[in-house]
Amino acid sequence: MRVLCVAEKPSIARSISQILSGGRVETRPTQNRFIKNFDFNYPQTNSTFTVTAVAGHLLAHDFPDAYKQWSSCDPFILFDAPIHVTVPAANKTIERNLMTEARTANTLMIWTDCDREGENIGWEIISVCRKARPNIVVKRARFSAIIPQQIHRAAQHPVELDEAQANAVEARITLDLRIGAAFTRMQTLTLQNRLPQFREKRDVVSYGPCQFPTLGFVVSRYNQVKSFTPEDFWYISLSLERELDREMKKVDFTWRRGHLFEEDVVIEIYEDGMESPRARVVKVTKKNVKKWKPLPLTTVELQKAGSRLLKLAPKKVLDIAEKLYQQGFLSYPRTETDQYDPQFDFMSLIGKQAVDPAWGRFAQGLQEGGFNAPRQGRNNDKAHPPIHPTAHAGNLAGDDKKVYEFITRRFLAGCSKDAEGFETTVDIEYGREQFCATGLIVLQRNYLDVYPYDKWSGKEIPDFRETEEFEPTTCEIKQGQTTSPSLLTEADLVGLMDKNGIGTDATIAQHIQTVIDREYVIERMDGATKHLLPSTLGIGLVEGYNEIGFDRSLSKPQLRREASTTERSMVQVCQGEKSKDQMLMESIEQYREMYVIAKREFEKVISVC
DNA sequence: GCAAGGTC
């Protein structure tokens, strides 16, 4: 029996070959420089195995030539135009390898990632292999981590490919293509016809089901900032100077009411309090507190942190992580998982960092008993572990070094202990009003020693006894003003997109880049922080669509959520409740209606310009 | 000249 195994990417093919062969494996090159074929015997199932890989999707979807010319047809018919599925030129060598290998195999075993996209890529692999060997037996290996026990079990107990999931992805692909092409052409051509400056520039005014909600977040925050009017507020500020370690220390007490927006009410309360000029300590609470170490690192968190702490654009961070992964320094950088597998080998990875001049000592400390199992997050994509360093890299420079250092420190911090501190809260009463002050002493820095990105500073306060009374050093009414929210940062935007299911870990950064490239969004430096500001064109597009569609507007995240990732409609396809075609027809119809209205409004607005 | 998803 000869079994052909196909993984989603070369790195997985290599890993599973190593595991299944026990190291006795022969490597054959293919015509594709990235992809190797691995041959070995697998006596557990009396088979000869060949393990190879694709590089993500194998097939491309596009309109036939007759529809490719923008002037060749009304964009509206793209909702119904045929879609050709081809192997693009770049993937021909991969296709050839699969067909050659399939010709002499009895069984095809799909080893793509166990997510929805993986089921679809599996289906693409099957369609190519069947061209060479129509009656090949097809199986699917199901695994949730690249660890020996799981990989052997997957090889020995294969299941069937989940066709409903593969269909759901297929539906999303054609839906996105039709909507993207139709709306993009309509927007661009309408603008070019009416406004000469667009004719000259030949800029594309693209529409995409991920681009527009992304832009929508930027515009929405911009509007909040623009419509903000500051409000005055008043509060009572109370302080006491008291000795601590032979020095006088000022303790600021916070008013329990926070602040109020009516000055006369605050004055009234203040004057009531003045009747008794002494404050009384109601309660002194002392407790041990912890500052939690960071969670295992996902792609989205890496991008947020990279933008916030390292000042690198999310796209840049991901590109660097990808390069370091290729060089063998990092684990796979596209992962949603923030839990480590229980059998994960932390110690040997920590050991590799012990030689580093900056954090080697800390790593040694972990080896010598300081190790604590990392926290468990709530996400597991069942395909990749959290991002971690796989080898020590001593010769990096510039941004590469910054990214590697962050990932390594984050990993070591996660293997350490939470920081420990001691918190004292003093509640007092002054008149009828309550105030409180808090002090903190950091007892054990633990993970903070290797993770300078987190700050936790102690603020000591003098001793207070319950029921004691004192006369405040100052007690006065102070005035303040509410401040406007700030424009979105890239980190904010990554977070919003992630929360709303716009794009995936691997594409969120790309969508942000796209709305910037299209000049819908402008990056603006405010001091050291980069903020995102919508352009006039960006605002115009979003407001225009909001006026047409209101709650189901194209720029709002709901439509995308329903139409692709956590989407209701796709889930129905997945569960077999609806056929792919039925679901597609319903979705297309919805967009067709919006297209007609959008086009009319577009022409109306532009004729006014 | 168009989308979003996977990967190198």
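Note that the structure is predicted; figures quoted are calculated from it, not measured. Here is how names work: the chains are called A, B, and so on, in the same order as the sequence lines, proteins then strands, and each is numbered from 1.
- A side-chain donor from one of A:Ser206 and A:Gln211 sits under 3.5 Å from a side-chain acceptor of the other.
- For the pair A:Ile508 and A:Gln69, nearest-nucleotide mapping onto DNA chain B gives the more 5' position to A:Gln69.
- Between A:Asp517 atom CG and B:dC2 atom P there is a gap of 11 Å when expressed in whole angstrom units.
- Between A:Asp176 and A:Pro209 the shortest heavy-atom distance is OD1-CG, 3.4 Å.
- Residues A:Glu490 and A:Ala313 share a closest heavy-atom pair of OE1-CA, 3.7 Å.
- Candidate nucleotides B:dG5, B:dC2, B:dA4 were compared by shortest atom distance to the side chain of A:Thr507, and B:dG5 ranks first.
- A heavy atom lying under 4.0 Å from DNA chain B marks the following residues of residues 6-14 of chain A, by number: A:Glu8, A:Lys9, A:Pro10.
- For A:Lys131, the NZ atom is densely surrounded, since the number of other residues' heavy atoms within 6.0 Å is greater than 12.
- Counting any heavy atom pair closer than 4.0 Å across all strands shown, A:Ile173 reaches a base atom.
- Residue contacts shown for A:His511 are limited to sugar-phosphate atoms, with no base heavy atom under 4.0 Å away.
- Side-chain atoms of A:Phe34 lie closest to B:dC8 of the nucleotides B:dA4, B:dG6, B:dC8.
- Residue A:Arg334 places at least one side-chain N or O under 4.0 Å from the OP1 or OP2 atom of B:dC8.
- At B:dA3, one or more side-chain N or O atoms of A:Gln211 fall inside 4.0 Å of OP1 or OP2 (strictly under the cut-off).
- Ranking B:dG5, B:dC2, B:dT7 by closeness to the A:Tyr332 side chain, first place goes to B:dT7.
- Residue A:Thr52 forms a side chain to side chain donor-acceptor pair (under 3.5 Å) with just one option from A:Thr30, A:Asn32, A:Asn37, and that option is A:Asn37.
- Between the P atom of B:dG5 and the CD atom of A:Gln513 lies a distance of 16 Å, rounded to the nearest Å.
- Residue A:Asp62 is classed as a base contact, given a heavy-atom separation below 4.0 Å to a base.
- Atom OH in A:Tyr207 sits about 19 Å away from atom C1' in B:dG1, given to the nearest Å.
- If you measure from atom NZ of A:Lys36 to atom C1' of B:dC8, you get 12 Å, rounded to the nearest angstrom.
- Around atom NZ of A:Lys402, more than 12 heavy atoms belonging to other residues, nucleotides or ligands sit under 6.0 Å away.
- Following rounding to the nearest Å, A:Lys68 (NZ) and B:dC2 (P) show an atom-to-atom distance of 12 Å.
- Across the protein-nucleic acid pair, A:Glu170 atom CD and B:dA4 atom P stand 17 Å apart, rounded to whole Å.
- With centres under 5.5 Å and a plane angle under 30°, the ring of A:Trp70 is stacked against the base of B:dG1.
- Checking A:Ile512, A:Ile508, A:Thr514 one by one against A:Gln510, the side chain to side chain contact (heavy atoms under 4.5 Å, CB included) holds for a single residue, A:Thr514.
- Between A:Ile588 atom CD1 and B:dA3 atom P the separation is 16 Å, expressed in whole Å.
- Atom-to-atom, CD of A:Gln510 to P of B:dT7 comes out at 14 Å; the value is rounded to the nearest Å.
- Checking B:dG6, B:dC8, B:dC2 against the side-chain heavy atoms of A:Tyr325 singles out B:dC8 as nearest.
- For A:Leu177, the side-chain atoms get nearest to B:dA3 when compared with the rest of B:dG5, B:dA3, B:dT7.
- Only at 4.0 angstrom or more do the heavy atoms of residues 80-89 of chain A sit from any atom of DNA chain B, so none qualifies.
- Within the structure, the side-chain hydrogen bond (donor to acceptor under 3.5 Å, both in side chains) test picks out the following pairs touching residues 69-92 of chain A (sequence neighbours left out): A:Asp80-A:Arg592.
- Taking the centre and axis of the six-membered ring of A:Tyr332, the NZ or CZ atom of A:Lys9 falls inside the cone set by 45° and 6.0 Å.
- Across all strands, A:Asp113 comes closer than 4.0 Å only to sugar-phosphate atoms, never to a base (heavy-atom distances).
- Under 4.0 angstrom from either OP1 or OP2 of B:dG6 there lies at least one side-chain N or O belonging to A:Thr504.
- A:Arg518 has a side-chain polar atom (N or O) that falls below the 4.0 Å cut-off from OP1 or OP2 of B:dA3.
- Taking a 6.0 Å sphere around CD of A:Glu322, one finds it holds more than 12 heavy atoms contributed by other residues, nucleotides or ligands.
- Taking a 6.0 Å sphere around CD of A:Glu26, one finds it holds 12 or fewer heavy atoms contributed by other residues, nucleotides or ligands.
- Position along DNA chain B of the nearest nucleotide to A:Val54 versus A:Ala181 favours A:Ala181 as the more 5'-ward residue.
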